[in-house]
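Take a look at the structure set out below.
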There are 2 protein chains.
Amino acid sequence: MARVVVDVMPKPEILDPQGKAVLGALPRLGFSGVSDVRQGKRFELEVEGEITDEVLAEIDKMAESLLSNPVIEDYEVHVEEHSVAEIAQGRTS
Amino acid sequence: MARVVVDVMPKPEILDPQGKAVLGALPRLGFSGVSDVRQGKRFELEVEGEITDEVLAEIDKMAESLLSNPVIEDYEVHVEEHSVAEIAQGRTS
């Protein structure tokens with residue numbers, strides 16, 4: 001089973017109220033040194049079989065038509081061996 | 001200016017209705033070959049100055065206390081040179 005990740009972020013020229021809320025909360029929580037925060041979405045897709053160029057082209061179409069809104073968001077597709085859960089698991093065990 | 005990314009995903013044992021909704025929509029849109037979808041969050045942080053181990057430890061604390069809910073979510077912190085917007089820009093230009 002292969003894993004493909006689609007990252008979706010608000011375009012730089014689009015306001016990002018969620019990111020701004022996080023940025024505003026940081027100093028109140030005692031954190032400094034961060035000058036900007038943008039919040040977007042991450043999709044982890046489990047793909048049957050091998051990852052070929054055709055499969056990636058198909059997922060690119062999914063990203064453009066279903067997972068993102070191309071008017072206000074940018075997306076990026078890449079293969080990733082480990083899920084966030086697996087990495088977190090490795091850190092605690 | 002350095003960029004640090006925090007990925008936050010629902011833990012594997014936690015239901016993910018958003019991911020399930022995307023998974024259910026795929027066949028209706030003519031896509032096949034995807035057996036599971038999980039939806040999480042991606043934060044792009046702009047950090048002033050150099051990324052040291054102290055800075056990363058600080059961002060790890062942010063991820064645990066503000067950006068994620070450790071009861072239901074896993075997170076992962078890593079340095080990333082290019083934002084999704086920059087990659088999308090490179091693809092179209």
Side-chain angles (χ1 to χ4, degrees), chain A residues 1 3-13 16 18-19 22-23 25-26 28-49 54-55 58-62 65-68 70 73-78 80 82-89 91-92, chain B residues 1 3-13 16 18-19 22-23 25-26 28-49 54-55 58-62 65-68 70 73-78 80 82-89 91-92:
Chain A
M1 192 73 75
R3 178 172 298 113
V4 178
V5 169
V6 179
D7 288 320
V8 177
M9 296 298 295
K11 282 180 189 278
E13 64 270 26
D16 171 17
Q18 292 179 300
V22 170
L23 185 64
L26 289 176
R28 291 199 299 276
L29 293 169
F31 295 114
S32 61
V34 173
S35 58
D36 199 22
V37 178
R38 307 282 289 172
Q39 179 172 346
K41 288 177 280 187
R42 172 186 167 98
F43 297 91
E44 291 183 352
L45 281 67
E46 304 287 331
V47 178
E48 289 156 10
E54 287 76 41
V55 170
E58 189 85 351
I59 292 176
D60 205 272
K61 269 190 239 166
M62 280 179 210
S65 60
L66 175 66
L67 304 180
S68 77
E73 291 170 324
D74 290 316
Y75 67 88
E76 195 256 327
V77 176
H78 63 273
E80 212 162 281
H82 297 292
S83 69
V84 169
E86 283 163 4
I87 293 166
Q89 191 63 36
R91 197 170 43 207
T92 53
Chain B
M1 193 74 74
R3 179 172 296 112
V4 177
V5 169
V6 179
D7 288 320
V8 176
M9 295 298 294
K11 282 180 189 278
E13 63 271 25
D16 171 17
Q18 291 178 302
V22 170
L23 185 64
L26 289 176
R28 290 200 299 275
L29 292 170
F31 296 113
S32 61
V34 174
S35 58
D36 198 21
V37 179
R38 306 282 288 172
Q39 179 173 343
K41 288 178 279 187
R42 173 187 166 96
F43 297 90
E44 291 183 352
L45 281 67
E46 303 287 333
V47 178
E48 289 157 10
E54 288 76 42
V55 169
E58 189 86 349
I59 292 175
D60 205 270
K61 269 191 241 167
M62 278 178 212
S65 61
L66 176 66
L67 305 179
S68 76
E73 291 171 325
D74 289 317
Y75 68 88
E76 195 256 327
V77 176
H78 63 274
E80 213 161 280
H82 297 291
S83 69
V84 169
E86 284 163 4
I87 293 167
Q89 192 62 34
R91 196 171 45 208
T92 52

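Atom set for the values below is all heavy atoms of this structure, side chains included, hydrogens, waters and symmetry mates excluded. Here is the naming used below: chain letters follow the sequence lines, and residue numbers restart at 1 for every chain. Owing to the predicted nature of the structure, the values given are computational and were not obtained by experimental measurement.
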A/I59 side, atom CD1; B/L26 side, atom CG - distance, nearest 0.5 Å | 9.5 Å

Scored by heavy-atom pairs under 4.5 Å with chain B, the best of A/R42, A/E48, A/M9 is A/R42

Check each atom of A/L23 against the heavy atoms of chain B and say whether the ones under 4.5 Å are side chain, backbone, both or neither.
-> neither

Below 4.5 Å, heavy atoms only, C-beta onward: do A/V34 and B/M62 meet side chain to side chain?
-> yes

Listed partners of A/H78 passing side-chain hydrogen bond (donor to acceptor under 3.5 Å, both in side chains), at least two apart = A/E76, A/E80

Going from NZ on A/K41 to CG on B/D7, what distance comes out if it is rounded to the nearest 0.5 angstrom?
-> 14.5 Å

Can you say whether B/K11 sits under 4.5 Å from chain A via the side chain, the backbone, both, or neither, judging by heavy atoms?
-> neither

Return the set of residues passing side-chain hydrogen bond (donor to acceptor under 3.5 Å, both in side chains) with B/Q18 (not counting sequence neighbours), or none when no residue passes.
-> none

So CG of A/D74 and CD1 of B/I87: to nearest 0.5 Å the spacing works out to 10.0 Å

Proximal component of A/S65, with respect to chain B [non-hydrogen, under 4.5 Å] | side chain

So what's closer than 4.5 Å to chain A heavy atoms on B/L29: side chain, backbone, both or neither?
-> side chain

What closest approach, in Å, do A/Y75 and B/A88 show between heavy atoms, and which atom pair accounts for it?
-> O-CB, 4.2 Å

